[in-house]
Structures are given as C-alpha cells and as structure tokens.
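A quick write-up on the structure given underneath.
The figures here come from the full heavy-atom set of this structure, side chains too, leaving out hydrogens, waters and symmetry mates.
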Amino acid sequence: MSGQLITIVRGAFEVMSWLIIARVLLSWIRHNPYSPIIRFVYEITEPILGPFRRLIPRLGAIDFSPIIALLALRYLETIIIKLLLNI
C-alpha cells in the first residue's frame, strides 16, 4: 500500500513540476491566454508560484520564483515520501 501511495505522490509532484516548466516556456512565446489548455496551466501553477513571486523580487526581466518553487516542491516531495516510508 505504501509503495503505491509513494508512486502516486511522486507522479503528482512530477506533473506539477512539468506544469511549472510549461508555464515558464509559455512566458517566452506568444500564446492565446484564453486557450483552455493555457488557462489550465496558469490556474494550476498560480497557487504555487504566486506566493514565491511575492517573496522573491524580480531581478530585471528575470523571475526566479519558478526555480525556487521547483526546489521547494522537490523538498516537500522528499519530506512527504520519508513520512510515508515511516508509516
């Protein structure tokens, strides 16, 4: 049971990481912000990226919040998996 739950947790964190990467890539290209897929990416990632943007100021045109968010997600994933392994 614990092994299956760990696989699900890892999968969820992996999907979220890829969605954040997709959002970064979208910021570099022109896109239709009303496209359902684009809106989905923004709506899913904003609750994670928003708090980091408020804490970390931009350095010119560079936004480091996605990098910090990805690192925080990896750290949180590690903590959750360690907790699951101890159950």
Side-chain angles (χ1 to χ4, degrees):
M1 174 68 180
S2 178
Q4 292 173 339
L5 192 54
I6 289 172
T7 301
I8 291 169
V9 167
R10 282 190 174 144
F13 277 95
E14 187 72 23
V15 168
M16 185 55 72
S17 295
W18 281 109
L19 287 171
I20 290 172
I21 291 168
R23 181 158 174 178
V24 169
L25 295 175
L26 285 170
S27 72
W28 297 345
I29 60 172
R30 290 186 85 132
H31 60 275
N32 178 2
Y34 301 107
S35 166
I37 294 171
I38 305 295
R39 289 178 53 92
F40 173 78
V41 170
Y42 274 75
E43 288 173 8
I44 294 298
T45 57
E46 186 56 32
I48 294 170
L49 293 175
F52 287 103
R53 275 203 203 96
R54 287 190 291 276
L55 293 173
I56 304 164
R58 288 183 141 216
L59 295 175
I62 300 172
D63 181 10
F64 286 103
S65 62
I67 295 168
I68 303 302
L70 287 170
L71 291 172
L73 279 176
R74 288 294 171 210
Y75 181 69
L76 182 61
E77 176 186 7
T78 302
I79 290 172
I80 291 173
I81 289 174
K82 284 184 181 181
L83 288 172
L84 290 173
L85 287 172
N86 289 330
I87 291 177

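- Think of Ile8 as one node in a network of Ile, Leu, Val, Met, Phe, Trp and Tyr side chains linked at under 4.5 Å; it has no links at all.
- For Arg53, the side-chain hydrogen bond (donor to acceptor under 3.5 Å, both in side chains) partners are Glu46, Asp63, not counting sequence neighbours.
- Here Tyr34 sits alone; no ILVMFWY side chain lies under 4.5 Å from its own, so it joins no hydrophobic cluster.
- When the side-chain contact (heavy atoms from CB on, under 4.5 Å) test is applied to Val24, the partners found at least two apart in sequence or on another chain are Trp28, Pro66.
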### Query
Stepwise, does the side-chain contact (heavy atoms from CB on, under 4.5 Å) test hold for Ile21 with Trp18?
CA-CA 5 Å; Ile21 291 168; Trp18 281 109; 4.0 Å; yes
#### Entry: Check against side-chain contact (heavy atoms from CB on, under 4.5 Å), Leu55 and Ile68
CA-CA 10 Å; Leu55 293 173; Ile68 303 302; over 6 Å; no
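- With sequence neighbours excluded, the residues that form a side-chain contact (heavy atoms from CB on, under 4.5 Å) with Thr78 are Lys82.
- Within the 4.5 Å cutoff, side-chain heavy atoms of Leu49 are placed close to those of Ile20.
- Residues satisfying the side-chain contact (heavy atoms from CB on, under 4.5 Å) criterion with Leu76, sequence neighbours excluded, are Phe13, Ile80.
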### Query
Checking side-chain contact (heavy atoms from CB on, under 4.5 Å) for the pair Val9/Ile81: CA distance, chi angles, key distance, verdict?
CA-CA 8 Å; Val9 167; Ile81 289 174; 4.3 Å; yes
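- For the salt bridge (charged side-chain N to carboxylate O under 4.0 Å, His left out) condition, the pairs that include at least one residue of residues 11-20, sequence neighbours left out, are Glu14-Arg74.
- With sequence neighbours left out, Ile87 forms a side-chain contact (heavy atoms from CB on, under 4.5 Å) with Leu84.
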